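Please read the structure below before turning to the comments.
Not measured: the values here are computed from a predicted model. Each chain gets a letter, A, B and so on, in the order its sequence line appears, and its residues count up from 1. No hydrogens, no waters, no symmetry mates; every other heavy atom, side chains included, goes into these values.
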2 protein chains.
Amino acid sequence: MATRGTRKKTADKPHYHHGDLRRALLDASLTLISEEGFGALSLREVARRAGVTHAAPYRHFADKEALLEAVAEEGFRVMTARMKERMARESTPNRRLMACGVAYVLFAMEHPAHFRVMFGPHFTRPPKLGPPGGDTDAFGLLVDSIAEGQRTGEMREGEPRMLALTCWSLVHGLGSLLVDRKLEFSGVTTVPQAEALAWEQTRLLIQGLERTTGN
Amino acid sequence: MATRGTRKKTADKPHYHHGDLRRALLDASLTLISEEGFGALSLREVARRAGVTHAAPYRHFADKEALLEAVAEEGFRVMTARMKERMARESTPNRRLMACGVAYVLFAMEHPAHFRVMFGPHFTRPPKLGPPGGDTDAFGLLVDSIAEGQRTGEMREGEPRMLALTCWSLVHGLGSLLVDRKLEFSGVTTVPQAEALAWEQTRLLIQGLERTTGN
DNA sequence: CCTACCGATCGGTAGG
DNA sequence: CCTACCGATCGGTAGG
């Protein structure tokens, strides 16, 4: 920690940080949710963990929901970036689609607090997703990758958005089950295990469960 | 709900049920979660809605988690029953598998409070699923239906539990996205729309996204 | 099943 | 960014 605050003046009281209380509040929120669950999230506890009094957060966030919005927005940006990274390593539309889904699932495993906030039932206001093509448009990546597969003839015909929705359901379901620890009965708990499972499941979606002649 | 709040503390208090407070508490919990979200659930508010004082629920549930366990257990039983009903109407393993998934998604839409409690991050104690083959073993239905499809040759080879996990991810993802209203951007809000989507997605999983010669 | 009460926490604001 | 304070709600228990 000790964000190496660019202190300008003042005496050196234990007065805590700050270069970036806003960042510290976000981090405190994330670890709090990860450790104690979403129900434990309160602005007061977040302030406590960030080392400030409970009135301080209001300098940075109008209310609890504003803080959550910031977490969600950051989550979408990071998730979209991870998806792009993994897709860039692949050389066929099918593989890119799989990589995209794998990145989604791994993001859930590695950033469970972000994931819960992004897709939880919180938020009274609109979910405010970024613009299509923007650095938070994860769904757009899915759609594009499917449309590309259709152009090359590797993927079946059909409305790309519909197909993308199906991919999304699959990886969102796997991610959710992992984050909420519903797959422990099957022995899947670690990140590598989750990744292997994600590859298998996305492959199955692409190939189908049906018996095929050439398979 | 007959709260008639202006009534004084006379002998004609509405005094409420006696018949089945446990049931009334469960129902109050479900409507509370549906209406206000899980975060609004408190034993005191539940008691309030059931028309009793906040100490009364402890006669029926040791604590908040015990109440949630009862909700979850009921949810698994109802969901499993719905799955069986829909599967019974179909005549091929593939169709039965699809019907099973559709039932899962419709259960989520029609019983969002149950769904959230069943699969949410609550519960400090083990999730306590019913025994395999029991009236709460929804996952067992999936596995069996896939194993059957493999026997008839309609479905591809592979570990049935692995294939079932993939089906589960798909419908769990779709159900979760619907319950948490993340598909409104695509215009899917009603139960019939959700059902149509569920049929499409389960069909896609069975057939696969890949381009096939005979399709 | 109720009244009465406990300690604790919460979101939010006043005012500096 | 802090101190001090507000009203409200919470889970849980004592005791009848």
Side-chain angles (χ1 to χ4, degrees), chain A residues 2-3 5-29 32-33 35-71 122-125, chain B residues 2-5 7-29 32-33 35-71 122-125:
Chain A
T3 29
T6 48
R7 275 288 173 122
K8 293 152 188 145
K9 45 173 178 141
T10 74
D12 53 334
K13 284 173 44 176
H15 235 116
Y16 274 105
H17 5 39
H18 285 117
D20 201 347
L21 176 57
R22 183 190 149 91
R23 182 68 253 167
L25 292 169
L26 290 174
D27 289 339
S29 303
L32 175 56
I33 294 173
E35 290 172 10
E36 315 281 345
F38 189 87
L41 183 78
S42 71
L43 273 184
R44 292 175 99 106
E45 178 62 23
V46 168
R48 218 168 281 136
R49 289 183 173 225
V52 293
T53 61
H54 71 269
Y58 292 93
R59 302 276 298 176
H60 299 270
F61 302 102
D63 53 22
K64 193 171 169 178
E65 188 161 355
L67 192 164
L68 291 180
E69 279 174 11
V71 169
H122 334 290
F123 299 123
T124 64
R125 306 164 221 170
Chain B
T3 19
R4 290 180 118 18
R7 268 294 200 266
K8 283 282 178 67
K9 202 174 131 180
T10 52
D12 62 335
K13 293 198 306 181
H15 238 123
Y16 266 93
H17 24 29
H18 37 298
D20 198 347
L21 177 57
R22 183 190 150 91
R23 181 70 253 168
L25 292 169
L26 290 174
D27 288 339
S29 302
L32 175 56
I33 295 173
E35 289 171 11
E36 315 281 345
F38 189 86
L41 183 76
S42 71
L43 273 185
R44 292 176 97 105
E45 178 61 23
V46 167
R48 219 169 280 134
R49 290 185 173 223
V52 293
T53 62
H54 71 270
Y58 291 94
R59 301 278 296 175
H60 297 272
F61 301 103
D63 54 22
K64 193 171 169 177
E65 189 162 354
L67 193 166
L68 292 180
E69 280 174 10
V71 169
H122 334 291
F123 298 122
T124 63
R125 305 164 222 169

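The minimum heavy-atom distance linking Leu25(B) with Ala50(B) is given by the pair CD2-CB, 3.8 Å. When all heavy atoms of Arg49(A) and Ala28(A) are compared, the pair lying nearest together is CB-CB, 4.0 Å. Pairing each heavy atom of Ala70(A) with each of Phe61(A), the nearest pair is CB-CE2, 3.8 Å.
In this structure, Leu25(A) places its CG atom 8 Å from P of dC1(D), rounding to the nearest Å. What separates CZ of Arg59(A) from C1' of dG12(C) is a distance of 15 Å, to the nearest Å. What separates CZ of Phe61(B) from P of dG11(D) is a distance of 14 Å, to the nearest Å. Taking atom NE2 of residue His122(B) and atom P of nucleotide dG11(D), one finds them 14 Å apart after rounding to whole Å. If you measure from atom CG of Leu41(A) to atom C1' of dC10(C), you get 12 Å, rounded to the nearest angstrom. In this structure, Glu45(A) atom CD and dA8(C) atom P are separated by 15 Å, rounded to whole Å. Distance Tyr58(B) OH to dC10(D) P: 11 Å, rounded to the nearest Å.
Checked against ring pair (Phe, Tyr, Trp, His ring centres under 6.0 Å), Phe38(A) has the following partners two or more places apart in sequence or in another chain: His122(A). In this view, Arg22(A) satisfies the salt bridge (Lys or Arg N to Asp or Glu O under 4.0 Å) rule with no residue, not counting sequence neighbours. Among residues two or more places apart in sequence or in another chain, the side-chain hydrogen bond (donor to acceptor under 3.5 Å, both in side chains) test is passed with Glu36(B) by none.
Annotation: side chain of Pro57(B) is not in contact with side chain of Leu67(B) (no heavy-atom distance under 4.5 Å). Contact of the Leu68(A) side chain with the Leu41(A) side chain is registered, since non-hydrogen atoms from C-beta on lie closer than 4.5 Å.
Phosphate contact (OP1/OP2 of dC1(D), side-chain N/O of Arg22(A), threshold under 4.0 Å): absent. Contact check, Ser42(B) against dT9(D): no side-chain N or O comes under 4.0 Å of OP1 or OP2. Between dA8(D) and Arg48(B), no contact under 4.0 Å exists linking OP1 or OP2 to a side-chain N or O.
Nearer to the 5' terminus of DNA chain D, by closest-nucleotide assignment, is the contact made by Ala56(A) (compared with the other of Asp63(B) and Ala56(A)). Position along DNA chain D of the nearest nucleotide to His60(A) versus Leu43(B) favours His60(A) as the more 5'-ward residue.
Residue pairs meeting the side chain to side chain donor-acceptor pair (under 3.5 Å) criterion with at least one partner in residues 50-61 of chain B, sequence neighbours excluded, are Arg44(B)-His54(B).
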Atom pairs under 3.5 Å: protein N/O with N/O of nucleotides 3-6 of chain D:
| residue | atom | partner | partner atom | Å |
| --- | --- | --- | --- | --- |
| dA4(D) | N6 | His54(A) | NE2 | 3.2 |

Pair assignment for DNA chain D - dot-bracket with | for other-strand partners, Watson-Crick or G-U under 3.5 Å: ||||||||||||||||
